[in-house]
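These notes concern the structure reproduced below.
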There are 2 protein chains.
Amino acid sequence: MEQGQPESGTGTLGKAIAVLDAVATANRPMRFKDLLAALDQPRGTLHRQISNLIDEGLLQVNSDHSYELGIRLLKFAANAWSGSRFREIAEPHLRALHAKVGETIHLSVLQGVEVVYLDKVESRQSVRMHSQIGNTSPCFCTGVGKAAFSVIPADEAENRIRKIVFKRYTEHTITDEHAFRREIEDIRAKGYALDREEHEAGIHCVAAPVAAPDRGFYAGISVTAPVYRVPMEQLEAWAGDVRAAADAIMEDMNAKLGPRG
Amino acid sequence: MEQGQPESGTGTLGKAIAVLDAVATANRPMRFKDLLAALDQPRGTLHRQISNLIDEGLLQVNSDHSYELGIRLLKFAANAWSGSRFREIAEPHLRALHAKVGETIHLSVLQGVEVVYLDKVESRQSVRMHSQIGNTSPCFCTGVGKAAFSVIPADEAENRIRKIVFKRYTEHTITDEHAFRREIEDIRAKGYALDREEHEAGIHCVAAPVAAPDRGFYAGISVTAPVYRVPMEQLEAWAGDVRAAADAIMEDMNAKLGPRG
DNA sequence: CTCCAAGTTCCATTATTCGGAACATTGTTT
DNA sequence: AAACAATGTTCCGAATAATGGAACTTGGAG
């Protein structure tokens, strides 16, 4: 069993999931021809795959022939979230960190070349808290993404870097592969990552990696704040606390999930 | 394409999803032998299916060989939720209903013989709101479940009734198939359903169906309240409001998603 | 009404999954 | 510590399900 990054679209299951991914990734309503273009599969094949997904409740079709993900996925996700031992172990540490710094804390897991938000602690339960959980962001322009990336073994990192598309989000976004490599090198040396308004203008953060490379597991935690309220110097001052929290989570994982993680 | 209830476990995809379902449904950590027993498949076959799921990020294995659902599912679910047109259309009506009755409102969709909670409106954002979304409950002992069931065409209802396991949750739970049929008949006649502490002691609710049978879509909305604060008479008095809200949602769906749903 | 694009079905071919049995690993007992 | 039992993993010929080209149907625009 290969434990690296999913060889997206291999095997019958992989192709089916690729369809779901195409629907989830596109933020416009996808119709049959859109999926056909996005996945380049023969019409007959794609049609059958879609039919199977619909039969399983993983995909739904609207009257205008556009597709949306099925609500059956919600059940799985609710379970994935509440059953996640990693999340459970991390939670108290996130709260402790939040108590210390008073800004929003994020917990995210690297998934291919994206990070998935697993949990979040903030002072005021802002509107629709759950809207954040499960959301994904690119790994090359987020603190947690870069932090997680810094602890991936070299060969595996290569595989993933090749798959990144360096889209520009703000004027500070790293859009060059070589600059990204240098940034990762720098983060590895320092032990923490900074996101200098690279994903969203006006928002910056400091992050540290939480990982179990022998299980192919890479994650990160971060303190996020608006630029107008918290200066970069303050974030850098918190870097030690973030690292300490990240290390405490890893220790806890080793203790509770067995030494080999 | 069959548009009825998913013929669970048919085809390669169905079997793979059945594995996920087994992990999600069991609330204890499942190991290989547990899944083997739950799914009765040959060892070699099950092992390969699990491997595929892990490769796709849909399943994770802990160091003690127990499995949990993969966080990749979170991404899909986040999208399924925020992309659900039904949820979007229903939301303002749920808020309006909540403004009127002042108790917790639920929106749920029937999925096989379970209901999946899609949304919820309550006065005080209680702890971890998102923990509720995506959770499932049996259809035979919840207001939304019974309401949704009451509008399923007879033959389709038969298929599903056969799959229900009438587990007792409280002293009021309907545990007999014939009693359930009578109850559904009664609900169909009245147009609304009551859950008289059938799922959780001390909690009762009134619900009404929201459905598009020609699309195989069955859902429901409910007003839920603790028995100590809200008497059954009050719930019944709200039945009209609940039905009105449900009907308004259906009208909106017809208007916004096309007449045939 | 006609035409063109989008969506759906069909079926012989081909690739994948299936599953029994052998092998390996883990952990339990004497 | 050795033997044993239970659990987990791999292999490969046979069986089955997925593939994809082409024909067919539907539906929307002019």
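In the text below, chain A, chain B and the rest are named by the order of the sequence lines, each starting its count at 1.
Between the CG atom of A/L36 and the P atom of C/dA5 there is a distance of 15 Å, rounded to whole Å. The CZ atom of A/F32 sits 14 Å away from the C1' atom of D/dT25 (whole-angstrom rounding). A/D64 places its CG atom 13 Å from the C1' atom of C/dA6, with the value rounded to the nearest Å. When rounded to the nearest whole Å, the span between CG of A/L53 and C1' of D/dA18 equals 14 Å. Between the NZ atom of A/K15 and the P atom of C/dA15 there is a distance of 11 Å, given to the nearest Å. For the pair A/H47 NE2 and C/dC10 C1', the computed distance is 12 Å after rounding to whole Å. Put simply, CG on B/N52 is 13 Å from P on D/dA18, counting in whole angstrom units. Taking atom CD of residue A/Q49 and atom P of nucleotide C/dT9, one finds them 16 Å apart after rounding to whole Å.
Side-chain proximity of A/H65 to the nucleotides D/dT9, C/dT8, D/dG21 is greatest for C/dT8. Side chain of A/T12, nearest nucleotide from D/dA18, C/dC18, D/dT7: D/dA18. Candidate nucleotides D/dG20, C/dA6, C/dT17 were compared by shortest atom distance to the side chain of A/Q41, and D/dG20 ranks first.
Nucleic acid contact for A/T45: base, since at least one base atom lies under 4.0 Å from a heavy atom of the residue. A/R48 comes within contact range of at least one nucleobase, with a heavy-atom separation under 4.0 Å.
In this pair, B/F217 and B/F86 present their aromatic rings perpendicular. The plane angle is above 60°, beyond the 30 to 60° band.
Under the salt bridge (Lys or Arg N to Asp or Glu O under 4.0 Å) criterion, A/E88 pairs with no residue at all, not counting sequence neighbours.
Of the two residues near DNA chain C, B/P42 and A/G44, the one whose nearest nucleotide lies more 5' is A/G44. Of the two residues contacting DNA chain C, namely A/L13 and A/D34, the nearest-nucleotide position lying further toward the 5' end is that of A/D34.
How far CZ of A/R188 is from CD1 of A/I152: 9.5 Å, rounded to the nearest 0.5 Å.
Looking only at side-chain heavy atoms (C-beta outward), A/F140 and A/K146 stay at 4.5 Å or farther from each other.
Residue-to-nucleotide contacts include a donor-acceptor pair under 3.5 Å from the side chain of B/R43 to the base of D/dG8.
Of the possible donor and acceptor atoms, one in the side chain of B/D64 sits under 3.5 Å from a partner among the backbone N and O of B/S66.
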